[in-house]
Asks: 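My questions all concern the structure below.
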Amino acid sequence: MSKNTVREGEISEQIFSHKCFVEHGHMVSNPIGTADYDLIVDVKEKIYKVQVKSSRRGNGNCMICKGSNGQKGSKKYPYPENSIDFFAVHDVIPNQWYIIPRSATGDAKQIRLSKGEGKYSVYKDNWGFKHVP
C-alpha cells in the first residue's frame, strides 16, 4: 500500500483544528482558495496564519518548504517570510505538536525535532502561539 502524503497532511490539519478549537478555545477558519497558509487561528483577538506540516518518519525530520508548484526545473523553497506566522508541526509517531513561529525557522526547508532539548523544543505544545526565543 502506497503512502498518501496529501491525505496524511489533511488528517493532521483536522487534528490541529480540533485541538485549537475544542481543547484550547481558539477560533479556527479555513481560507477559500489557494493560500500559503492552511488555517487562520484567532488567539485572544490576535490572528495568525498557520501552515500545518506533519512527519511520519519517526526520526523527527520535517519538511517546511513549498513545492515547485508544478513548474519544470523548479525546486523546493522556503515560505516567504510574511506569508505565514506559524508552522504547526505534527510529529505523528510520538503524537507531539510544535507550534513554531516562521521567524524562528529562517529560510530552512527542513527542520529536526529533537527528542530531548533541541532548537525547537521550546515550541512543543505552544498552544498559546508565543514567540519565545
Asks: With rounding to the nearest 0.5 angstrom, report the SG to NZ distance, Cys62 to Lys109.
Replies: 15.0 Å

Asks: Can you hop from Val6 to Ile11 via hydrophobic side chains spaced under 4.5 Å?
Replies: no

Asks: What is the distance from atom CG of Leu113 to atom NZ of Lys119, rounded to the nearest 0.5 Å?
Replies: 11.5 Å

Asks: Of all residues at least two apart in sequence or in a different chain, which pass the salt bridge (charged side-chain N to carboxylate O under 4.0 Å, His left out) check with Lys49?
Replies: none

Asks: Measure the spacing between CD of Glu13 and CD1 of Ile15 and express it to the nearest 0.5 Å.
Replies: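 Spacing of CD (Glu13) from CD1 (Ile15) equals 10.5 Å.
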
Asks: Between Trp127 and His24, how do the two ring planes meet: parallel, tilted or perpendicular, split at 30° and 60°?
Replies: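 Geometry flag for His24 against Trp127: parallel rings.
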
Asks: Can you list everything that forms a side chain to side chain donor-acceptor pair (under 3.5 Å) with Ser17? Sequence neighbours excluded, please.
Replies: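 Listed in chain order: nothing, the list is empty.
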
Asks: Tell me, please, which residues at least two apart from His18 pass ring pair (Phe, Tyr, Trp, His ring centres under 6.0 Å).
Replies: none

Asks: Name all residues meeting the side chain to side chain donor-acceptor pair (under 3.5 Å) criterion together with Ser29; count only those two or more places apart in sequence or in a different chain, and write none if there are none.
Replies: none

Asks: Show your reasoning for whether side chain to side chain contact (heavy atoms under 4.5 Å, CB included) applies to Tyr123 and Val89.
Replies: CA-CA 10 Å; Tyr123 301 110; Val89 181; over 6 Å; no

Asks: Take Tyr77 and Lys75 through the side chain to side chain contact (heavy atoms under 4.5 Å, CB included) test and state the conclusion after the steps.
Replies: CA-CA 6 Å; Tyr77 55 95; Lys75 297 181 180 180; over 6 Å; no

Asks: Given the rule in the side chain to side chain contact (heavy atoms under 4.5 Å, CB included) test, do Gln51 and Phe86 qualify, once you have shown the distances and angles that lead to the verdict?
Replies: CA-CA 6 Å; Gln51 175 58 233; Phe86 285 88; over 6 Å; no

Asks: Quick one: list whatever passes salt bridge (charged side-chain N to carboxylate O under 4.0 Å, His left out) with Glu45, sequence neighbours left out.
Replies: none

Asks: Is the distance between the ring centroids of His26 and Phe16 under 6.0 Å?
Replies: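 No; His26 has its ring centre 6.0 Å or more from that of Phe16.
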
Asks: So, taking the atom named OG in Ser54 and the one named CG in Asp91, what distance separates them when rounded to the nearest 0.5 Å?
Replies: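 Here the interatomic distance stands at 9.5 Å.
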
Asks: Which donor-acceptor pairs under 3.5 Å do side chains of residues 96-103 form with protein atoms, sequence neighbours excluded?
Replies:
residue	atom	partner	partner atom	Å
Gln96	OE1	Tyr98	OH	3.4
Arg102	NE	Tyr79	O	3.1
Arg102	NH1	Gly106	O	2.5
Arg102	NH2	Tyr79	O	2.8
Arg102	NH2	Gly106	O	3.3
Arg102	NH2	Asp107	OD1	3.2

Asks: State the OG1-OH distance between Thr105 and Tyr120, to the nearest 0.5 angstrom.
Replies: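 With rounding to 0.5 Å, OG1 (Thr105) is 6.0 Å from OH (Tyr120).
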
Asks: How many angstroms lie between atom CE of Met63 and atom CD of Gln110, to the nearest 0.5 angstrom?
Replies: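 That separation rounds to 5.0 Å.
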
Asks: Can you list everything that forms a side chain to side chain donor-acceptor pair (under 3.5 Å) with His90? Sequence neighbours excluded, please.
Replies: Ser12, Asn95

Asks: Scan the side chains in residues 30-41 for donor-acceptor partners under 3.5 Å anywhere in the protein, sequence neighbours excluded, and list what turns up.
Replies:
residue	atom	partner	partner atom	Å
Asp36	OD1	Lys66	NZ	2.7
Asp36	OD2	Ser83	OG	3.4
Asp38	OD2	Val52	N	2.8

Asks: Are Phe129 and Asp85 side-chain neighbours, meaning at least one heavy-atom pair lies under 4.5 Å?
Replies: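 The answer is no; the side chains never approach within 4.5 Å.
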
Asks: Does anything in residues 18-31 form a salt bridge (Lys or Arg N to Asp or Glu O under 4.0 Å)? List the pairs, not counting sequence neighbours.
Replies: Lys19-Glu23

Asks: Which heavy-atom pair separates Pro78 from Ala108 by the least distance, and what is that distance?
Replies: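 Pro78 and Ala108 have their closest heavy atoms at CB-O, 4.3 Å.
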
